K.L.:
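Could you have a look at this structure, given as structure tokens, before my questions?
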Protein chains: 2
Amino acid sequence: MTTVRPRGGSRATIYQVAEAAGVSIATVSRMISSPDKVSPGTRDKVQHAIDRLNYVPHGAARSLAARQQEAYGLVLPELAGPYYAELLTGFEQAAAERGAGVVLLLTHDKEDVERAVSRLAGRVDAIALMGGVHASVETVSAVARKIPVVRVAAEQTDEIETFSTENMESARELTRHLLHVHGLRRLVFVGATATVPDARGRYQGFVEAHREAGLRPAPRLAADLSEDGGRRVAEMVADGLLSADGVVCANDELALGLLAGLAAAGIEVPGTIAVTGWDDQMAARYVTPALTTVRQPVRELGRRVADRIHELLSGENGSTADHEIATELVVRRSCGCP
Amino acid sequence: MTTVRPRGGSRATIYQVAEAAGVSIATVSRMISSPDKVSPGTRDKVQHAIDRLNYVPHGAARSLAARQQEAYGLVLPELAGPYYAELLTGFEQAAAERGAGVVLLLTHDKEDVERAVSRLAGRVDAIALMGGVHASVETVSAVARKIPVVRVAAEQTDEIETFSTENMESARELTRHLLHVHGLRRLVFVGATATVPDARGRYQGFVEAHREAGLRPAPRLAADLSEDGGRRVAEMVADGLLSADGVVCANDELALGLLAGLAAAGIEVPGTIAVTGWDDQMAARYVTPALTTVRQPVRELGRRVADRIHELLSGENGSTADHEIATELVVRRSCGCP
DNA sequence: TTGTATGCGTTATCAC
DNA sequence: GTGATAACGCATACAA
């Protein structure tokens, strides 16, 4: 095992290739971007030189001359859970299909997010910013003045396009199910969080389902969207502080933690209390009882975001309408279904 | 909702800032990289101009002039499961601490991986390549001739540094546990895969534990490292094709699928057959019985890879020794423990 | 089809 | 401390 590059890897430049092939750099350049614009004869010569010299164009030089970075930026708070990973996967796929690379920025551990986002803006053609990311409106719109910016699962704004999965309708459907199929009457929604706009829409659906049934919805209960948050709710139930017959959680981790806490306290699910989640992550299928939840096509969401960025960049106008992706209710046993 | 940039965002250049501040571009440049080398007076002027013009240096131009891209490349097969996400998280954190961005390449869906990796090599200072990635030795060493390349969880090579989590020892410990604590005697290892070098080391530990106990290890059973792979193994057991009293799976998903399949077939775990996994992903804690597995500090692995890349780049020689990270056996109920 | 020449926005090396 | 100015490696308009 040895250091790969003994200090100073030799990168061939377009000039060296041109000289080796006995042509001008313009021809080499054409060879890279549009090989069909160069005659078969020279094409071989140049290709041979490229192979022999192991030539790869210098990305920065390309970007500078061509005035485009061939890269999209994606800003995420973190990568915990399947949501962000799926989003990133779809985003990267679509970006790659457009010939763009993806530079990723995780903000969770950073001290100066604003600065990081600004810097990023200097290295990419456009940026997609996840809702949960803590960046000031000023910074975001400053960046947006330079390059296209879109947001994912964020508050709607007049100046920035927003993408999200559908929340309200699915939450309403889910709540109706609890209300009318299982006859539950003391439902509580857990997961109020300022930083997750998605949660707000979900609660809204929860409220509407109650209203249309002539019932009064309980105010939502604040909790971390984490297993710990769920365990804390379980404690409230165990202590008799909370006496619901069903808990609608803003995400799966919360629900999973709640399930674990309830089981530890000997409280039956769904018998004594029903539980639902949101995301349909892997553990939701494996826990007992299996978790009723809502599946979001997050990968597709990521794809669309990147596609839209490409539209923005290439001047195609496309739809500027709301970009909202449908979700799917996944009924399992934790809600009371057999 | 409106298109952010009406075709042609106005990016201020260093020249405009210089003019607005009444200084030369050299001073502006200094202002960016080392503000202390410019007098307090002009510093204010320049900073003011920067703020007013919303100036952010053009990344490509910087890279070209400074001869470094300030970015590391990470090549992963995909992002399914927690492993890659954790690796990426640690990698990004460490890279960011070094002032480098991360450009991510997912190869799973790409048709021409070699080409993609080559292109990437033109845009970053160094590349970390995951073992499972399907890239020819020629391509990799061609890239390695240009920029530093390290591999993660890959076969050892003479010319490329390799990072991985410890496999053999932990597998031996795990197998010993099954053999001696639970008295199991018909163990089988599932998950032979050419593309996952990690699995090989794990089987090796499995073999050694048998040898040192004077037992004959069964040959390993091929299977996809997925839930489906696990279900298929369960079918073999249900059909009486396989009659083991314990199954050591190469990863958790495999074990989880196996658990589900066994449960569906009415076969008791761990009573009739014990099951273990590898990775300790979330579902492992929630499944019943909870899965005995091995936890790998993957995030730390990612951090170290990025740190080493920085060393390589900055000429610090550091250790060229084997980069192997310790793992931790996590004993739960699926192996027979109470 | 091919070559020449200019510009892309910075950094860095010099002088001053 | 500050300012000219020469690279940096490539794309591209234009000319041949």
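What you are looking at is a predicted structure, and each value in this text was computed from that prediction instead of being measured. All chains are named by letter (A, B, ...) in the order of the sequence lines, taking the proteins before the strands, and each is independently numbered beginning at 1. When reading the values below, keep in mind they use all heavy atoms of this one structure, side chains included, and skip hydrogens, waters and symmetry mates.
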K.L.:
With distance as the sole criterion, do the side chain of A:R67 and the base of C:dG9 form a donor-acceptor contact below 3.5 Å?
P.N.:
no
K.L.:
Check this one for me: any side-chain N or O of B:T27 less than 4.0 Å away from OP1 or OP2 of D:dG3?
P.N.:
yes
K.L.:
Give the nucleotide from the list D:dT12, D:dC10, C:dT10 with an atom nearest to the side chain of B:P57.
P.N.:
C:dT10
K.L.:
Looking at every strand, decide which applies to A:V28 at a 4.0 Å heavy-atom threshold: base, sugar-phosphate, or nothing.
P.N.:
nothing
K.L.:
So, is B:S63 near the phosphate of D:dC8, with a side-chain N or O under 4.0 Å from OP1 or OP2?
P.N.:
no
K.L.:
May I have the distance from B:I50 (atom CD1) to C:dT10 (atom P), rounded to whole angstrom?
P.N.:
10 Å
K.L.:
If only side-chain N and O atoms of B:Y15 are considered, is one of them under 4.0 Å from the OP1 or OP2 phosphate oxygen of D:dG3?
P.N.:
no
K.L.:
Could you work out which one of D:dG9, C:dT2, D:dG3 sits closest to the side chain of A:A65?
P.N.:
D:dG9
K.L.:
Determine the contact category for B:S39: base if any of its heavy atoms lies under 4.0 Å from a base atom, sugar-phosphate if only primed atoms, P, OP1 or OP2 are that close, otherwise nothing.
P.N.:
sugar-phosphate
K.L.:
Measuring to OP1 and OP2 of C:dT11, would you say a side-chain N or O of B:S29 lies under 4.0 angstrom away?
P.N.:
yes
K.L.:
Between B:A66 and A:A26, which is nearer to the 5' end of DNA chain D once each is assigned its nearest nucleotide?
P.N.:
B:A66
K.L.:
Just to be sure I understand the rule, does B:I32 reach a base, reach only the sugar-phosphate, or reach nothing, if contact means heavy atoms closer than 4.0 Å?
P.N.:
nothing
K.L.:
Take the protein atom CZ of B:R30 and the nucleotide atom C1' of D:dG3, then report the distance between them rounded to whole Å.
P.N.:
7 Å
K.L.:
Give the intermediate values and the outcome of side chain to side chain contact (heavy atoms under 4.5 Å, CB included) for residues A:L74 and A:L105.
P.N.:
CA-CA 6 Å; A:L74 179 60; A:L105 176 61; over 6 Å; no
K.L.:
Touch check for A:T42, heavy atoms < 4.0 angstrom, all strands: base, sugar-phosphate only, or nothing?
P.N.:
sugar-phosphate
K.L.:
Whole-Å distance between C:dG3 C1' and A:E19 CD?
P.N.:
15 Å
K.L.:
In whole Å, what is the span from the CZ atom of A:R11 to the P atom of D:dA7?
P.N.:
20 Å
K.L.:
Does D:dC10 have OP1 or OP2 sitting under 4.0 Å from an N or O in the side chain of A:R62?
P.N.:
no
K.L.:
Measure from CG on B:L64 to C1' on C:dC8 and round the result to the nearest Å.
P.N.:
9 Å
K.L.:
Report the relative orientation of the aromatic rings in B:F91 and B:Y72; use parallel for angles under 30°, tilted for 30 to 60°, perpendicular for over 60°.
P.N.:
perpendicular
K.L.:
Could you walk me through whether A:R151 and A:T157 pass the side chain to side chain contact (heavy atoms under 4.5 Å, CB included) test, one step at a time?
P.N.:
CA-CA 9 Å; A:R151 300 215 62 167; A:T157 308; 5.8 Å; no
K.L.:
Could you check A:R98 against A:D307 for salt bridge (Lys or Arg N to Asp or Glu O under 4.0 Å), going step by step and ending with a plain yes or no?
P.N.:
CA-CA 8 Å; A:R98 307 307 198 171; A:D307 283 344; 3.7 Å; yes
K.L.:
Would you mind reading off the distance between A:M31 atom CE and C:dG3 atom P, rounded to a whole angstrom?
P.N.:
14 Å
K.L.:
Have B:S136 and B:E114 got a donor and an acceptor in their side chains that come within less than 3.5 Å?
P.N.:
yes
K.L.:
Rounded to the nearest angstrom, tell me the gap between atom CZ in B:R119 and atom P in D:dG9.
P.N.:
19 Å
K.L.:
Strictly by modelled atom types, are A:S63 and B:R123 linked by a side-chain donor-acceptor pair under 3.5 Å?
P.N.:
yes
K.L.:
Between D:dT2 atom P and B:D44 atom CG, what is the distance in whole Å?
P.N.:
11 Å
